[in-house]
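A short write-up of the structure that comes next.
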Amino acid sequence: MMAPQFETIALIGIGLIGSSIARDIREKQLAGTIVVSTRTEATLKRAEQLGLGDRYTLSAAEAVKNADLVVVSVPVGASGAIAAEIAAHLKPGAIVTDVGSTKGSVIAQMAPHLAKTVHFIPGHPIAGTEHSGPDAGFAGLFRGRWCILTPPPGTDEEAVARLRLFWETLGSMVDEMDPEHHDKVLAIVSHLPHIIAYNIVGTADDLETVTESEVIKYSASGFRDFTRLAASDPTMWRDVCLHNKDAILEMLARFSEDLASLQRAIRWGDGDKLFDLFTRTRAIRRSIIQAGQDTAMPDFGRHAMDQK
Ligand SMILES: NC(=O)C1=CN([C@@H]2O[C@H](COP(=O)(O)OP(=O)(O)OC[C@H]3O[C@@H](n4cnc5c(N)ncnc54)[C@H](O)[C@@H]3O)[C@@H](O)[C@H]2O)C=CC1
Ligand SMILES: O=C(O)C(=O)Cc1ccc(O)cc1
């Protein structure tokens, strides 16, 4: 058997993402010991029932003692408090990473607490679902998906290479970029779609002339796709909105402008304009499919295809 990549891995937060990582670590034998820590007794118990770790504790500080890799998988608004709690207990040379959907704010919250004796390498796997909690995770979630790392300038190359290898072993492709760019890109490809989904489902829910049962009964697949996104975890998405405020507001401003232009084309019967836009956007969808990035859950899709 190959030696594990890390002697001890501490997972702080064991919801959809933390528990998926735990399952992959176990399956691929990437750690000698997996230590699981989370905020509530109930979630910790559930993680234990699911056998996600080797040791369990409610104390994040306790969990990171001796850990060679620490993965923080909590809503982005909680990352500062976690960093403050674990900072004094980290082993020198440990790699500390996270999976948060925003990067600038996570760095601003965590970096000031972390000593130079540890390697802080923020990360973001671009993989997930609308479900949350330890039961929602599954092995293979990250396979065929991108993971973005945003190491601060001057980060130890060897530590970055180790974390890169970790994600690659989980089946991900790894890119590096600066946090500001990450936050802009994710604002348009992930944060805005969720905000638009929350908004359209909210609008449908507020209508006086169309009843809720009609919305449910006649929901075409377009609306149904929005309801999937709009079913995502409220705490997580509240935090994303509050913690990527500038980039989201910038993209929302662009979006509103373009929507107004579309509204105008509809009002004035400008069919050419509508047709041109719809042709351009159709090409984007085709490129996504060609790049093999068209399913939310690649593991399920591929696995089903493998069986055929
Ligand atoms: N859900 C998704 O599709 C994706 C989520 N992310 C990011 O991953 C992180 C975790 O998200 P999920 O696993 O989906 O969430 P989740 O809700 O499934 O799990 C969150 C975990 O954090 C713990 N937690 C919650 N509030 C806390 C607090 N105040 N202090 C300490 N621990 C707390 C919970 O007990 C739970 O173990 C978030 O930062 C999210 O932005 C990244 C990629 C995809
Ligand atoms: O469920 C979906 O469609 C997602 O978009 C999952 C997702 C949510 C948040 C992220 O930061 C990355 C991926």
Side-chain angles (χ1 to χ4, degrees), residues 10-18 21 37-39 60-61 64 69-87 90 94-116 118-128 130 132 142 145-155 159-160 163 167 172 174-199 229 232-255:
L11 301 175
I12 314 297
I14 197 75
L16 169 73
I17 300 298
I21 294 173
S37 175
T38 197
R39 190 183 41 149
V64 303
L69 174 67
V70 176
V71 186
V72 178
S73 311
V74 302
V76 290
S79 22
I82 298 284
E85 189 183 342
I86 63 175
L90 290 162
I95 295 175
V96 179
T97 190
D98 79 305
V99 297
S101 301
T102 69
K103 294 276 61 84
S105 147
V106 165
I107 294 168
Q109 291 178 73
M110 292 185 72
H113 297 288
L114 302 174
K116 291 276 169 273
V118 302
H119 307 292
F120 176 44
I121 310 173
H124 180 200
I126 316 297
E130 69 278 24
S132 53
F142 309 105
R145 297 281 143 194
W146 286 95
C147 179
I148 299 174
L149 302 180
T150 63
T155 306
V160 177
L163 186 60
W167 281 107
S172 294
V174 178
D175 259 348
E176 286 175 42
M177 65 179 73
D178 66 63
E180 294 75 25
H181 189 64
H182 166 281
D183 288 352
K184 272 205 177 132
V185 173
L186 269 293
I188 189 65
V189 300
S190 177
H191 306 168
L192 234 63
H194 280 81
I195 291 166
I196 292 164
Y198 282 121
N199 194 61
L229 287 185
S232 302
D233 190 72
T235 304
M236 169 187 158
W237 284 99
R238 174 204 62 198
D239 281 9
V240 169
C241 290
L242 299 178
H243 288 266
N244 195 19
K245 182 175 167 177
D246 294 346
I248 289 175
L249 288 179
E250 186 185 325
M251 295 304 168
L252 269 177
R254 290 283 294 254
F255 176 82

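Worth knowing before you read on, the calculation uses all heavy atoms, side chains too, and leaves out hydrogens, waters and symmetry mates.
In this structure the side chain of T38 never reaches within 4.5 angstrom of the side chain of I12, judged on heavy atoms. Using a 4.5 Å heavy-atom threshold, the side chains of F255 and L192 count as touching. In this structure, the side chains of V72 and T97 stay at 4.5 Å or more apart for every pair of heavy atoms. Contact check for T155 versus P152: side-chain heavy atoms found under the 4.5 Å cut-off.
Take D183 and apply the salt bridge (charged side-chain N to carboxylate O under 4.0 Å, His left out) test, not counting sequence neighbours, and it matches no residue. Evaluation of the side chain to side chain donor-acceptor pair (under 3.5 Å) rule for S132 yields D233 as partners, not counting sequence neighbours. Partners of H182 according to the ring pair (Phe, Tyr, Trp, His ring centres under 6.0 Å) rule, which considers only residues two or more places apart in sequence or in another chain, are H124. Not a single side chain to side chain contact (heavy atoms under 4.5 Å, CB included) links R254 to another residue, sequence neighbours left out. For H194, the ring pair (Phe, Tyr, Trp, His ring centres under 6.0 Å) test picks out W237, with sequence neighbours left out. With sequence neighbours excluded, the residues that form a side chain to side chain contact (heavy atoms under 4.5 Å, CB included) with A197 are F226, L229, A230. Every side chain to side chain contact (heavy atoms under 4.5 Å, CB included) that V99 has, sequence neighbours left out, goes to I17, I21, V71, S73, P125, W167. Among residues two or more places apart in sequence or in another chain, the side chain to side chain donor-acceptor pair (under 3.5 Å) test is passed with N244 by H191. Scanning for salt bridge (charged side-chain N to carboxylate O under 4.0 Å, His left out) contacts around E176 gives R164, with sequence neighbours left out. Here D178 pairs with E180, H181 under the side chain to side chain contact (heavy atoms under 4.5 Å, CB included) rule; sequence neighbours left out.
To the nearest 0.5 Å, atom CD of residue E130 and atom CG of residue L16 are 9.5 Å apart. Between atom NE2 of residue H243 and atom OG of residue S101 there is a gap of 11.5 Å, rounded to the nearest 0.5 Å. One finds the CZ atom of R145 at 9.5 Å from the OG atom of S172 (value rounded to the nearest 0.5 Å). With rounding to the nearest 0.5 angstrom, the CD1 atom of I95 is 6.0 Å from the CG atom of L163.
Residue K245 forms a side-chain contact (heavy atoms from CB on, under 4.5 Å) with just one option from I248, L242, L249, and that option is L249.
Side-chain N or O atoms of K103 include none that pairs as donor or acceptor with a backbone N or O of P122 at under 3.5 Å. Under a 3.5 Å cut-off, the side chain of Y198 and the backbone N or O of S232 do form a donor-acceptor pair.
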Only distances under 3.5 Å count here; give the side-chain donor-acceptor pairs of residues 106-116 to other protein atoms, sequence neighbours excluded, each with its distance to 0.1 Å.
unit_1	atom_1	unit_2	atom_2	d
Q109	OE1	G80	N	3.1
Q109	NE2	V76	O	3.1
Q109	NE2	S105	O	3.3
Q109	NE2	S105	OG	3.0

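Sorted pairs that involve residues 74-86 and meet salt bridge (charged side-chain N to carboxylate O under 4.0 Å, His left out), not counting sequence neighbours, are lacking altogether.
Scanning both residues, I126 and I148, for their nearest heavy atoms gives CD1-CD1, 4.0 Å.
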